[in-house]
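Each remark here refers to the structure printed beneath this line.
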Amino acid sequence: MTTLLAGPGDARHARGGRPGRFRNLWNASPLTYLTLIVALALSVFPIYWMIAVATRTNDVVADVPPPMLPGGHGGDNVRRLFDNPDAYFAKGLVNSAIASACVTVSTVFFASLAGFAFAKLRFRGKNVLLVSIVATMMIPVQMGIIPLYMIMVKLGWQSHLQAVIVPFLVTGFGVFMMRQYADQAVPDELIEAARVDGCTTFGIYWRVVLPALRPAAGVLGLFTFMQTWNDFMWPLAVLTPENPTVQISINNLANAYFKDYTLMFAGTTVAILPLLVVFVVFGRQIIGGIMEGAVKA
């Protein structure tokens, strides 16, 4: 009987280790940590400085060096922000919340439904329709503003909130993203088993496909909410200053004869709070969905 002796390298491979000459490739060097710290500081400092100035008076905005510590006027600036008659800030927050929530829910629902159909159902013209949807992603948004505004005028929706919601109820990017994820995450055998059990097509989508698409739906929902909340150009074109979204409210402050920068920074600080709340609440699921999609890819 022959006895096989394992060498140190083989034992290291058996334990899941890496060869010695490649081990350093997977260890972060001090230069890597230094680069990440500098990048983090450069990214966070403008936000921190904005919050610091939002808690101070207007005469410190041009100070050199800029103020590094928060002041004691944050409450007064926020109160003046909501009391400003030209900003309509409270109404802007409500309008942005309604528009972002409606667009997000609609985009996730319709995009996942269409993605399931393109990935798992068979029907005539499927590939042509999918290519047409992907082609819409190649058209810049700016090119569609004038015809879209003319449609809103014909419908009588200009200066109304539905003009910000209805044109963006579903996006080509969302359909393509959900189609790619559904093609990998939902086995055909699972759909066939559901059909054998007598489930309808919509029942298969609701009970089988949608739970499997939850990680991708979370990522798409976050991106859609952030994009709708931060959208500026289209609401500026179609809404009036008296019925704004939150970005238009901040723009109303910027267009004032006397620019109160502390008021503008206070408005921007309040405007980013909902985005931070959404990311903190759903961040783990969203990051998990991104990592899961990367592993599948």
Side-chain angles (χ1 to χ4, degrees), residues 88-118 132-134 136-182 205-206 210 213-240 243-251 268 270-283 285-286 289-290:
Y88 300 93
F89 196 80
K91 191 171 186 179
L93 283 175
V94 173
N95 286 344
S96 288
I98 294 174
S100 300
C102 292
V103 172
T104 299
V105 172
S106 174
T107 299
V108 171
F109 174 73
F110 287 115
S112 59
L113 191 63
F116 159 60
F118 281 118
S132 301
I133 291 175
V134 174
T136 62
M137 300 167 54
M138 304 177 186
I139 303 175
V141 178
Q142 294 82 354
M143 293 184 62
I145 284 185
I146 294 178
L148 187 58
Y149 182 81
M150 295 174 63
I151 295 175
M152 296 299 108
V153 172
K154 291 292 184 180
L155 295 175
W157 286 1
Q158 73 274 20
S159 75
H160 291 83
L161 194 59
Q162 58 263 33
V164 180
I165 298 175
V166 174
F168 306 101
L169 290 179
V170 66
T171 61
F173 169 77
V175 173
F176 181 74
M177 174 182 174
M178 300 304 286
R179 186 267 174 196
Q180 295 298 103
Y181 195 89
Y205 160 77
W206 189 256
L210 190 58
L213 298 181
R214 187 176 301 173
V219 176
L220 178 61
L222 175 66
F223 289 162
T224 304
F225 188 90
M226 292 178 59
Q227 181 179 0
T228 307
W229 184 273
N230 293 325
D231 192 16
F232 173 74
M233 185 170 54
W234 174 243
L236 179 65
V238 77
L239 296 180
T240 60
N243 187 34
T245 59
V246 67
Q247 308 300 332
I248 307 304
S249 297
I250 299 174
N251 183 67
T268 306
V270 175
I272 67 175
L273 289 179
L275 300 179
L276 294 178
V277 171
V278 170
F279 187 81
V280 169
V281 173
F282 300 103
Q285 178 180 355
I286 292 167
I290 294 176

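All values below come from the heavy atoms of this structure, side chains included, with hydrogens, waters and symmetry mates left out. All residue numbers in this chain count up from 1 along the given sequence.
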Assess whether atom CZ of Phe118 is packed by more than 12 heavy atoms of other residues, nucleotides or ligands within 6.0 Å.
yes

So, taking the atom named CE in Met177 and the one named CG in Leu213, what distance separates them when rounded to the nearest 0.5 Å?
10.0 Å

Closer than 3.5 angstrom, by distance alone: can the side chain of Thr136 be matched with the main-chain N or O of Ile133 as a donor-acceptor pair?
yes

Where the side chain of Gln158 meets the backbone of Leu239, is there a donor-acceptor pair that is under 3.5 Å apart?
no

List the steps, then state whether side-chain contact (heavy atoms from CB on, under 4.5 Å) holds for Leu93 with Val270.
CA-CA 9 Å; Leu93 283 175; Val270 175; 4.2 Å; yes

Please round to the nearest 0.5 Å and tell me the distance separating atom CZ of Phe89 and atom OG of Ser249.
6.5 Å

Considering residues, nucleotides and ligands other than Gln227, do more than 12 of their heavy atoms fall under 6.0 Å from its CD?
no

Side-chain donor or acceptor of Thr224 paired with backbone N/O of Thr104 under 3.5 Å
no

Could you verify whether a donor N or O on one side chain and an acceptor N or O on the other, from Ser112 and Tyr205, lie under 3.5 Å apart?
yes

So CD of Gln247 and CH2 of Trp229: to nearest 0.5 Å the spacing works out to 8.0 Å

Which distance, rounded to the nearest 0.5 Å, do you find between the CZ of Phe223 and the OG1 of Thr107?
13.5 Å

Verify side-chain contact (heavy atoms from CB on, under 4.5 Å) between Leu210 and Phe116, making sure each step is shown before the conclusion.
CA-CA 9 Å; Leu210 190 58; Phe116 159 60; over 6 Å; no

Tell me whether Thr245 contacts the main-chain N or O of Gly92 through its side chain, where contact means a donor paired with an acceptor under 3.5 Å.
no

Do other residues, nucleotides or ligands put more than 12 heavy atoms under 6.0 Å from the CG atom of Leu273?
yes

Give, for atom CG of Leu275 and atom CZ of Phe225, the distance between the pair rounded to the nearest 0.5 Å.
6.0 Å

Could you state the interatomic distance from OG1 (Thr171) to CE (Met178), rounded to the nearest 0.5 Å?
10.5 Å

Has Trp234 got a side-chain atom pairing as donor or acceptor with Val141's backbone, closer than 3.5 angstrom?
no

Count the heavy atoms belonging to other residues, nucleotides or ligands that lie under 6.0 Å from CE of Met150, then report whether that count exceeds 12.
no

